[in-house]
2 protein chains.
Amino acid sequence: MRATIKDVSRVAGVSVATVSNVLNSPDIVAEQTHDRVMAVIEQLGYKPNRAARALQQQRTFSIGYQMPRETDGFALDVFLHRVVERAEEADLAIVLFAPRPGQDQVDAYREMIRRGAVDGFVISATGHGDDRIEHLLEAGFPFVTFGRTDFSGDHAWVDVDGCAGADLATAHLLDRGHREIAFIGWPEGSITGDERSSGYRRALADRGVSVRPELVVRTENGVEPGSTAMQQLLDLENPPTAVVAVQDLLALGAMNAIRERGLTIGRDMAVVGFDDIPSAALASPALSSIRQPMDRVGELVVEMLVEELDEDSVGTARTGILTPELVVRASSGPDGGSTR
Amino acid sequence: MRATIKDVSRVAGVSVATVSNVLNSPDIVAEQTHDRVMAVIEQLGYKPNRAARALQQQRTFSIGYQMPRETDGFALDVFLHRVVERAEEADLAIVLFAPRPGQDQVDAYREMIRRGAVDGFVISATGHGDDRIEHLLEAGFPFVTFGRTDFSGDHAWVDVDGCAGADLATAHLLDRGHREIAFIGWPEGSITGDERSSGYRRALADRGVSVRPELVVRTENGVEPGSTAMQQLLDLENPPTAVVAVQDLLALGAMNAIRERGLTIGRDMAVVGFDDIPSAALASPALSSIRQPMDRVGELVVEMLVEELDEDSVGTARTGILTPELVVRASSGPDGGSTR
DNA sequence: TTCTCCGATTAAAACGTTTCAGACAGTACC
DNA sequence: GGTACTGTCTGAAACGTTTTAATCGGAGAA
């Protein structure tokens, strides 16, 4: 059926070892032989069998990725697409897995390792108290995370600078003349949320604007919570003129609340969100937001893992911090001169 | 490092063949032996090596899925999550791949087959003139598609009944008393689009409402086209009182146009979309839409492929048609009595 | 001439499974 | 006591690679 190395060797009149060498150590084989074998390989459409290679080399040429259950605000499609593309370049396959119903998350990883299914992992949806990280670290198994963890110092990770993102959003509003800028955040304690809220404060501090504590509202993610939070802000004696939300869903909720009060978004109240989920562009008015370079994240995550695998120097703790970008749309008001 | 079958056999004091039998043909081994070996397997945390198994059995226990480039209106995350879960149950891994830059789509499939990387494919984003299908058919390689193709009679596929969906949407509006119902569709020629538009006509015909040709507008997908189409409909001498869109993006665009005319969505003009993209629920007012059971699709696709692989009876041409469901939200008007 | 070295090639082992053909001991049957 | 099973277990081959060590012919050095 499929051509094997044996077929190639027979047709080319050389040993299988030579064929293997042509592919893996082209320098040690005579040029003439090389060309002849190459021609046969081409002609037969030969591709080395993955399983055989994996068995012999004791590496699988594939990396595992746990399919996330929820993907709120996470552009899985673009992330994963780039991950796959980049992995392909390094001759690696992406293998998806998920804990079986009732199976512990960590167990799923353990199983993948035990059956020698992957050489390493790409991990997303990290956070405080993530037991996967701890387990992989003590197992000494290669992995790279998207997002920081409790053990960020000990492993490779890629993250988007949430602080810079929130700073960007806030500065944008300051540029447009706003001084009373509110922040709808998550409860303290999440890595991502705390980062972003610090960016808000930094931007204000940089411009010498003092933070009014009552302008910072913390709530869980979602449209409804965003709406409630905004109502609360609007009920203040001295309400803000602009608001930055830690996530687009909250921003969309805030927009609803603003609209319900008969105010015009962008004119009476400027809004900027975070994550640039697809619905941000589709909202009306369209929501200004902070876009994370998810394709770059995917790319970088794989590149780091490849390095780790090549040198198998676990524990070098490479890190990559990417800068998000501000996407200005109608919700942050009529375009003042400065769109940067 | 990892325990192998040899380790187990040594510790349990039996041959490797017996260990293998314990796992694969438990019936032919004495109960006592079985239990003893099982205990050792447990104790050592032994899991059969994937590569070794694949090499010996000449099947890979994995199925390939080409990462789609664009995912408009396709809930990749929920589809893929269920696919992975269901595959796991059948002891199959999902391997992602994508054509390398410059590489032909079909070539990517061919390469996967040649290197014996997968036992079969799950394919989405099908349509007229899809050369992947043709190639796989003549290669006699197992696969199941989500969506019909030019060769639907010759292979297994799963699809959502778009006709029933559009019927549901249209009937819903008829139930609410609308008689002048417009349809914003795609240009004729796409399998999915034509199906859905026929559902619109069927619903009207079933209730004895005649189709006014000028109420059917065809345009490409997207928010802007939807807006333009709606403007066109509103400019009619005798404009519709409700509109069904073949896709949510078009519906969202239509909503923008309606709003811009100073009309109130749901009261002056009812709107129903299709696909129930995340933005539908987030729009304001929230958009009524037709939801496709993507989790069921994923499930079914895998189940069919598993059957195909087991019996290796390619060409049985199993088919599965799933019925979508109507999600009623504010855009289709105040709730009249009948929400079904 | 003989020895050594070198470049090119290859035979064979190994990776961890599954499976086929036997082996082996006991049991039932004639 | 031999034959034929039967139930359990095992040795060895095979799957398609890579890799190590060995072979081999020829060229250069002594």
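Computed from a predicted structure; not experimentally measured. Letters A, B, ... are given to chains in the order of the sequence lines, protein chains preceding strands, and every chain is numbered from 1. All heavy atoms count here, side chains included; hydrogens, waters and symmetry mates do not.
- Summarising the geometry, the separation between CZ on A:Arg10 and P on C:dT10 is reported as 15 Å, rounded to the nearest angstrom.
- The closest side-chain donor-acceptor pair between B:Ser190 and B:His128, if any, does not fall under 3.5 angstrom.
- Backbone-only engagement by A:Ala30 is indicated by non-hydrogen atom pairs under 4.0 Å involving sugar-phosphate atoms exclusively.
- Ring geometry for A:Phe97 versus A:Tyr109: interplanar angle over 60°, hence perpendicular rather than tilted (30 to 60°).
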Which dot-bracket string describes DNA chain D (Watson-Crick N1-N3 plus N6-O4 or O6-N4, or G-U N1-O2 and O6-N3, all under 3.5 Å; [ ] crossing; | other strand)? ||||||||||||||||||||||||||||||
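- Heavy-atom distances to DNA chain C give each of A:Val14 and B:Ala17 a nearest nucleotide, and the one nearer the 5′ end belongs to A:Val14.
- Put simply, CG on A:Asp27 is 12 Å from P on C:dG7, counting in whole angstrom units.
- Using a cut-off of 4.0 Å between Lys/Arg side-chain N and Asp/Glu carboxylate O, A:Arg100 and B:Glu89 are scored as not salt-bridged.
- Regarding A:Asn21, its CG atom lies at a distance of 12 Å from the P atom of C:dA8, rounded to whole Å.
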Between A:Arg2 and A:Lys47, does the side chain to side chain contact (heavy atoms under 4.5 Å, CB included) criterion hold? Intermediate values first, please. CA-CA 9 Å; A:Arg2 285 189 286 269; A:Lys47 297 276 176 191; over 6 Å; no
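- Side-chain N/O atoms of B:Asn24 and B:Ser20 include a donor and acceptor closer than 3.5 Å.
- Of all nucleotides in DNA chain D having an atom under 4.0 Å from a heavy atom of chain B, the first and last in 5' to 3' order are D:dT8 to D:dG16.
- Following rounding to the nearest Å, A:Gln58 (CD) and C:dA14 (C1') show an atom-to-atom distance of 10 Å.
- Taken residue by residue, residues 2-9 of chain A places heavy atoms nearer than 4.0 Å to DNA chain D at A:Thr4, A:Ile5.
- The pair B:Arg82-B:Glu299 counts as a salt bridge, with a side-chain nitrogen and a carboxylate oxygen less than 4.0 angstrom apart.
- Nucleotide C:dA14 holds its C1' atom 12 Å from the CG atom of B:Leu55, rounded to whole Å.
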